Amino acid sequence: MKLNNKRTVTVGLAFMSICAFWQVYDGIVPLILKNTFGVSDTAAGVVMAMDNVLALFMLPLFGTLSDKTRTRWGRRMPFIVIGTLLASAAMLLIPLGDHFNNLPLFIIGLGLVLVAMATYRSPAVALMPDVTPKPLRSKANAIINLMGAVGGIIMLLAIKLMVPKTDHPDYIPLFVLTIAIMVLCVAYLFFKINEPKTVALMEEESRAMGVEEEIVSEADGAASEKMPKDVFRSLCFILASVFLWFMGYNAVTTAFSKYAAFRWGMQGGDYALVLMIAQAAAIVTYIPVGIIASKIGRKRTILIGVAMLGVAFGAGAIFTSFSGLIFLFFSLAGMGWAFINVNSYPMVVEMSRGADVGKYTGYYYTFSMTAQIITPILSGAVMQFLGYEYLFPYGALFVLASFVTMLFVHHGDSRPEAKKGIEALDVDD
């Protein structure tokens with residue numbers, strides 16, 4: 001059975017729109033907080049953690065709600081479409097609050113957007129396993145993450161070109177572009193993918209691959225069978241690993257725009273070029289890493305990625321001013337993150353049943369978001385009270401800790417027989 005690449009790319013547009021937004025949010029909001037409203041690093045970390053506080057409760061809730069939803073448009077699509085429209089409507093308040101130096105308007109816009117985004121992230125991510133047979137999910141997740149990286153790199157390029165090197169840039173055009181990209185991506189998805197028909201097609205494909213027990217329509221709601229203890233142990237350790245590598249990775253990405261300005265002297269949108277290199281490295285890695293995972297397994301592939309990311313962050317601490325070598329290490333970081341991301345989510349949902357995909361997606365994001373609640377505040381305090389030079393060692397410490405916890409994960413791996421050459425892009429039963 002071959003993966004339907006065209007269908008997977010279309011489904012990935014939802015994740016692409018989400019990543020486009022978060023790229024702008026993570027890069028621009030910290031600059032607005034510091035430069036427009038004079039917020040300290042620790043307090044800014046609290047603000048940057050608020051989306052994850054909301055997500056901690058809302059992602060599992062809306063993942064489970066979408067599991068139980070039955071409409072003519074499917075289980076996930078209503079959440080994706082309505083959530084995108086609500087987020088787009090509120091998003092413009094953020095740059096308007098900055099433009100008019102109006103903190104209440106900025107906070108209101110921020111709050112509305114974050115609530116709207118949290119309503120549909122789990123359903124958007126759960127759509128991929130809904131329409132993809134289990135043995136093909138690592139391959140499909142590689143494409144989904146590729147789409148997310150494309151969304152991120154588009155917005156990084158936009159930041160580089162649209163943010164001038166002034167003390168108070170006008171961010172309104174950048175946010176308008178973000179809204180346009182999000183709406184266009186989700187509109188195309190909605191009109192091209194009939195979710196109920198696509199799920200039914202996945203069921204046929206699953207039967208052909210001999211995995212009938214995973215068919216979504218056979219269960220109406222959450223599965224009632226108790227998870228075996230050894231599988232539960234593996235689930236706990238992989239969720240702990242997710243928590244730890246997000247503690248390290250998100251600390252660096254959230255603070256990077258400020259770090260690049262105040263540690264390396266980069267101005268305007270110049271910092272985006274470094275992140276673009278990392279995203280580009282991830283993009284060229286996503287498809288090959290799916291092939292690698294099919295040969296050596298998801299766990300080993302993740303361990304390689306964790307080691308790469310830890311080395312990259314450790315090396316980042318060496319530089320006290322900007323150097324061309326930074327591009328090399330951020331390329332390594334992008335590749336390492338691709339190794340991790342392609343395989344971690346499929347390992348979690350591999351332990352679920354078809355009717356529980358949304359719930360397990362919620363578990364995955366509960367742990368990743370919990371880390372993203374804690375780490376902006378903790379890393380912000382570290383930078384404020386110890387110094388900016390401690391950001392990269394902080395990130396490396398947590399990333400390498402996740403290597404240890406991953407060693408205790410013994411379930412959720414899938415090793416389909418890999419082909420060679422061009423045929424390796426698809427997986428047969």
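Along the sequence shown, residues are numbered consecutively beginning with 1. In this text the structure is predicted, and so the values were computed from the model without any measurement.
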Backbone of Ala116 reached by a side-chain donor or acceptor of Thr119 within 3.5 Å: yes
Side-chain donor or acceptor of Ser257 paired with backbone N/O of Gly27 under 3.5 Å: yes
So for atom [atom1], which belongs to [X], do other residues, nucleotides or ligands contribute more than 12 heavy atoms lying within a distance under 6.0 Å?
| X | atom1 | result |
| --- | --- | --- |
| Ile82 | CD1 | no |
| Tyr390 | OH | no |
| Trp73 | CH2 | no |

Are the side chains of [Y] and [X] in contact, using a 4.5 Å heavy-atom criterion?
| X | Y | value |
| --- | --- | --- |
| His411 | Leu235 | no |
| Tyr249 | Phe313 | yes |
| Ser344 | Tyr364 | yes |
| Tyr25 | Met117 | no |
| Asp130 | Met202 | no |
| Trp22 | Asp51 | yes |
| Arg7 | Thr10 | no |

Looking only at heavy atoms, which two atoms of [X] and [Y] are closest? And how far apart?
| X | Y | result |
| --- | --- | --- |
| Gly316 | Tyr259 | O-OH, 4.4 Å |
| Gly63 | Ser122 | CA-CB, 3.8 Å |
| Ile193 | Met77 | O-CE, 3.7 Å |
| Asn250 | Pro376 | OD1-CG, 3.8 Å |

Ion pair Asp270/Lys165, N-O distance below 4.0 Å: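 Looking at Asp270 and Lys165, the cut-off is met.
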Separation of Met162 CE from Phe175 CZ (nearest 0.5 Å): 11.0 Å
Gap separating the OG atom of Ser368 from the CG atom of Leu244, nearest 0.5 angstrom: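 Here the rounded value is 12.5 Å.
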Ring centre gap for Phe256 and Trp264 strictly below 6.0 Å: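 Yes - the distance between ring centres of Phe256 and Trp264 falls below the 6.0 Å cut-off.
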